Amino acid sequence: DESLDILISEKDRYGIPCNIVLCKRCGLIRLKERLDDYSTAEFYKNEYRGIYVGEELASEKFFNEQVKRGESFLNLVKSYTNFNEIYTVFEVGCGAGGILYPFYQEGKKVSGCDFGEKYLKFGQDKGLDLYQGEIDITKTPKKSQDLIILSHVMEHFNEPIKTMNDIIEFVADNKYLLVEVP
């Protein structure tokens with residue numbers, strides 16, 4: 001209900017014109033109008049990293065920052081699971097794949113997807129199995145992943161409940177989904 005929205009800004013933190021509203025009922029801050037799925041994919045493929053990271057190509061520094069987060073996730077997973085029973089690890093929105101790298105170094109079969117082709121190439125050059133686009137059933141079968149990682153991506157979903165339900169279908173029975181949001 002738009003009558004519950006309070007306009008709080010007419011541009012985002014980068015100065016890009018868009019209406020940002022606050023819902024009086026639940027307190028959620030969101031874009032008043034979001035991009036359609038095609039435009040969202042194009043934005044993340046062509047614009048996002050240059051705006052958000054400030055670099056169109058992944059750097060060793062960026063990758064190493066991702067690796068540090070991956071090491072934190074690895075320690076968390078080791079603390080709360082039987083790590084020896086995790087064979088496959090997938091990351092949605094993996095960027096250059098640095099979060100996956102510590103799992104790869106532990107001998108796990110890792111893979112991931114992201115819209116940003118240039119960032120994917122950086123991780124591919126390090127031996128990681130990364131592909132462009134959304135999680136794809138032709139490349140990643142349903143119920144095939146022992147651990148799926150979503151790090152700072154859920155807040156980008158146009159339809160978070162539907163998308164999360166779709167992603168959960170790729171998690172093997174009685175296995176794990178790790179979600180990190182800001």
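Since we're looking at a predicted model, the values are computed, not measured. Counting from 1, the numbers follow the sequence of the chain as shown.
How far CG of L100 is from NZ of K109: 11.5 Å, rounded to the nearest 0.5 Å. Within the model, atoms CD of Q66 and CZ of R69 stand 7.0 Å from one another, a figure rounded to the nearest 0.5 Å. Here CD of E159 is found 9.0 Å from CG of D166. Values are rounded to the nearest 0.5 Å. If you take CE on M154 and CD on E180, they are separated by 13.0 Å, rounding to the nearest 0.5 Å. Considering CG of N84 and NZ of K78, their distance stands at 9.0 Å, rounded to 0.5 Å. The structure places CG of L130 at 8.5 Å from CG of D114, a figure rounded to the nearest 0.5 Å.
Within 6.0 Å of the OH atom in Y38, the count of heavy atoms belonging to other residues, nucleotides or ligands does not exceed 12. Environment of CD in E117: sparse, with no more than 12 heavy atoms of neighbouring residues, nucleotides or ligands closer than 6.0 Å. Within a 6.0 Å sphere centred on CG of N174, other residues, nucleotides and ligands contribute 12 heavy atoms or fewer. Within 6.0 Å of atom CD1 in I16, more than 12 heavy atoms from other residues, nucleotides or ligands are found, so the atom counts as buried in its surroundings. More than 12 heavy atoms of other residues, nucleotides or ligands lie within 6.0 Å of NZ in K126, so this atom counts as buried by the packing criterion. Within a 6.0 Å sphere centred on NZ of K11, heavy atoms belonging to other residues, nucleotides or ligands number 12 at most.
F103 is not listed as a side-chain neighbour of E106, based on a closest heavy-atom distance of 4.5 Å or more. Between K108 and F83, the closest side-chain pair of non-hydrogen atoms falls below 4.5 Å. Counting only heavy atoms from C-beta outward, the side chains of D5 and R30 approach each other to under 4.5 Å.
Hydrophobic clustering, with ILVMFWY side chains joined whenever heavy atoms are under 4.5 angstrom apart, keeps L177 apart from V77. At a threshold of 4.5 Å between side-chain heavy atoms, the hydrophobic network of Ile, Leu, Val, Met, Phe, Trp and Tyr places Y80 and V179 in two separate groups. Linking Ile, Leu, Val, Met, Phe, Trp and Tyr residues whenever their side-chain heavy atoms come within less than 4.5 Å leaves L35 and F157 in two separate clusters. Note on F170: it does not cluster hydrophobically with V89, by side-chain heavy-atom contacts below 4.5 Å among ILVMFWY residues. One hydrophobic cluster, built from ILVMFWY side chains closer than 4.5 Å, cannot hold both L7 and L28; they sit in different ones.
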Before you tell me yes or no, could you show the steps for I149 and C94 under side-chain contact (heavy atoms from CB on, under 4.5 Å), namely the whole-Å CA-CA distance, both residues' side-chain angles and the distance that decides it to 0.1 Å?
CA-CA 9 Å; I149 299 170; C94 65; over 6 Å; no

Test side-chain contact (heavy atoms from CB on, under 4.5 Å) on Y131 and T138 and set out the steps.
CA-CA 11 Å; Y131 60 84; T138 64; over 6 Å; no

Going through the distances and angles, do I20 and L31 end up as a side-chain contact (heavy atoms from CB on, under 4.5 Å)?
CA-CA 5 Å; I20 300 172; L31 289 173; 4.1 Å; yes

In sequence, state the C-alpha distance, the side-chain angles, and the governing distance for E10 and K32, and then conclude on salt bridge (Lys or Arg N to Asp or Glu O under 4.0 Å).
CA-CA 10 Å; E10 294 180 347; K32 183 173 179 80; over 6 Å; no

Are Y119 and F62 close enough, and set up right, to give a ring pair (Phe, Tyr, Trp, His ring centres under 6.0 Å), and what steps lead you there?
CA-CA 10 Å; Y119 273 65; F62 176 84; 5.0 Å; yes

For N19 and E33: C-alpha separation, side-chain torsions, deciding distance, then whether side-chain contact (heavy atoms from CB on, under 4.5 Å) applies.
CA-CA 7 Å; N19 290 333; E33 296 177 11; over 6 Å; no

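In this structure, the ring of F122 has its center less than 6.0 angstrom from the ring center of F63.
Taking all atoms of both residues into account, the shortest heavy-atom contact from G133 to C113 is O-CB, 3.3 Å. Here the closest non-hydrogen pair linking S151 and E91 is CB-OE2, 4.1 Å. When all heavy atoms of K24 and I6 are compared, the closest pair comes out as CG-CD1, 3.4 Å.
With hydrogens and angles ignored, the 3.5 Å screen pairs no side-chain donor or acceptor of D146 with any backbone N or O of I86. With Q132 contributing its side chain and F115 its backbone, the two residues share a donor-acceptor pair below 3.5 Å.
For Q105, the side chain to side chain contact (heavy atoms under 4.5 Å, CB included) partners are Y101, not counting sequence neighbours. The side chain to side chain contact (heavy atoms under 4.5 Å, CB included) search around D129 returns S111, not counting sequence neighbours.
Shown are L76, I99, T81; of these, the side-chain contact (heavy atoms from CB on, under 4.5 Å) with L178 is made only by L76. Checked options T140, L147, L150; the residue passing with F90 is T140 (criterion: side-chain contact (heavy atoms from CB on, under 4.5 Å)).
A cation-pi arrangement is absent between K175 and Y87 under the rule of less than 6.0 angstrom and at most 45 degrees off the ring axis.
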